[in-house]
Amino acid sequence: MKKVAIIQYMEHASLDTIKASFDQQMENLGYKDGENVEYIFKNAQGDNNIAASITQTFQSEDADVVVAIATPVAQSVASLSKTTPIVFAAVIDPIGAKLTTSLEHPDKNITGTSDEIQVDLILDRALQLQLDLKTLGVIYNNGEANSVTNIQKAKDYAKTHHLTIKEATITNVNEVQSAIDVLANQCDAVFAPNDNTVASAMNVVSHACIEAKVPLYVGADSMVQEGGFLSVGINYEDLGKETANMVDQVLNGTPVSDIPVKVFKDDLNVYVNEDVMNELDMTLPETLLQDKALKLM
Ligand code: TRP
C-alpha cells in the first residue's frame, strides 16, 4: 500500500481542475484508493498558517510522496523533502520559489509541473486590442511568490513598451474588493496574473472592471471563464495528468533528481470571454478570429 499526502493551497476553479485531472490519471495508472494507495488530502484555505500546520501533520504520516498544488503550499512542505520526495503542481517559477536550483536536475528531492505564464504574449494582445493603452493596472497578492515573478515580467514589458504600471497589492481575499474598485478607475486596462487570491475572487474583480469599462487581462483560462476578458495560456488538465505521471515515477522508485521539472509553455490557447467582450464593446481582429488557438468561452 502506497501513501500519498496531498496539500492544495485553496479551492478555485483551476486548482480544482488540476486535482480532478490528477485523480483521474492516478486511477488510469492503476492506483485504487483503499486497495493499493492511501490518500491524505488537505486544503490550506489560502492561509499560510494552516499550510504550516498541515505540513506538521504530514511529518508524522511517513508518506511515500507529498504532492503540493500551487506555489505557497509547495514552499510550505519543502521542509519535508529531507525525508520524503515532493511533487508539486502548477508552480510558476520553481527556481524563484527556491524549490530547486535546476529544472533539468532537481537537487532538493522536489520536482513537478510548472505553468510558467507568458506575460509578454498576454500584454502583446492587450496592445493589439487597445491601441491607446497607456496605463496598465496590476492586482496581485504580494505574498504569492508566483505573482511577484509575473509582475516583475509585466514591469519589464512596460518599460520597453511605454506603459505606466499602477499597482494594487493585496494580502488576502478580503482586500480584493476595495483594491480593484480604486484601481479600475485609474487605468486603461487591468492585468491580473496567475494569482491564487485574485483567482478566488474573480466575480468581484470582473464586476468592477466591467463597471469601469476596463478590459481585464488574466493569467489563466479559468479566470476568463469566471469573468476575465482575455488570457493566453495552457490547458491545466494536461498539467494535472502529467503531475500524476511524475508521482507514479516516484512511487516506482525513480530518484527525483532523474525527473526534470516539466514546464508547460507550448500549445498555448487564446481564451476570450465573449459576454465580457460584448459588455466592453470590444471586437477581435480578423487574424485572431481565424486563429485556431482562439477559444471563445
Ligand atoms: N500557478 C499558480 C501558483 O504557482 C497556481 C495556479 C494554477 C493558479 N492555476 C491557476 C493561480 C489559475 C491562479 C489561477 O501558485
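We count ligands from 1, going down the list as the structure has it; atoms in each ligand are counted the same way. Basis for what follows: all heavy atoms, side chains included, without hydrogens, waters or symmetry-related copies. Sequence positions, counted from 1, serve as the residue numbers for this chain.
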Practice task
Determine whether the side chains of Tyr140 and Glu167 contain a donor N or O and an acceptor N or O closer than 3.5 Å.
Solution key: yes
Donor-acceptor pairs under 3.5 Å, side chain of residues 197-210 to any protein atom, not counting sequence neighbours: which ones?
residue, atom, partner, partner atom, Å
Thr197, OG1, Asn141, ND2, 2.9
Thr197, OG1, Glu144, OE2, 2.7
Ser200, OG, Thr197, O, 2.8
Ser206, OG, Gly227, O, 2.9

Run through all N or O atoms in ligand 1 and write down each protein N or O closer than 3.5 Å, as a pair with its distance.
residue, atom, partner, partner atom, Å
ligand 1, 1 (N), Ala90, O, 2.8
ligand 1, 1 (N), Asp115, OD1, 3.1
ligand 1, 1 (N), Asp115, OD2, 2.7
ligand 1, 1 (N), Asn194, OD1, 2.8
ligand 1, 4 (O), Thr71, OG1, 2.4
ligand 1, 4 (O), Ala90, O, 2.8
ligand 1, 4 (O), Ile92, N, 3.3
ligand 1, 9 (N), Ser14, OG, 2.8
ligand 1, 15 (O), Thr71, N, 2.9
ligand 1, 15 (O), Thr71, OG1, 3.2
ligand 1, 15 (O), Asn146, ND2, 3.4
ligand 1, 15 (O), Asn196, ND2, 2.9

Practice task
Would you list the pairs meeting ring-ring contact (aromatic ring centres under 6.0 Å, His included) in which at least one residue belongs to residues 224-259, sequence neighbours left out?
Solution key: Tyr217-Phe229
Practice task
Answer with yes or no whether the side chains of Asn48 and Gln75 bring together a donor and an acceptor at under 3.5 Å.
Solution key: no
Practice task
Kindly confirm or rule out a cation-pi arrangement of Lys159 over Tyr157, judged by NZ or CZ under 6.0 Å from the six-membered ring centre and within 45° of its axis?
Solution key: no
Problem - side-chain contact (heavy atoms from CB on, under 4.5 Å) involving Asn150 - partner list, sequence neighbours excluded - result: Ile92, Ile117, Val119, Lys153, Pro193, Asn194
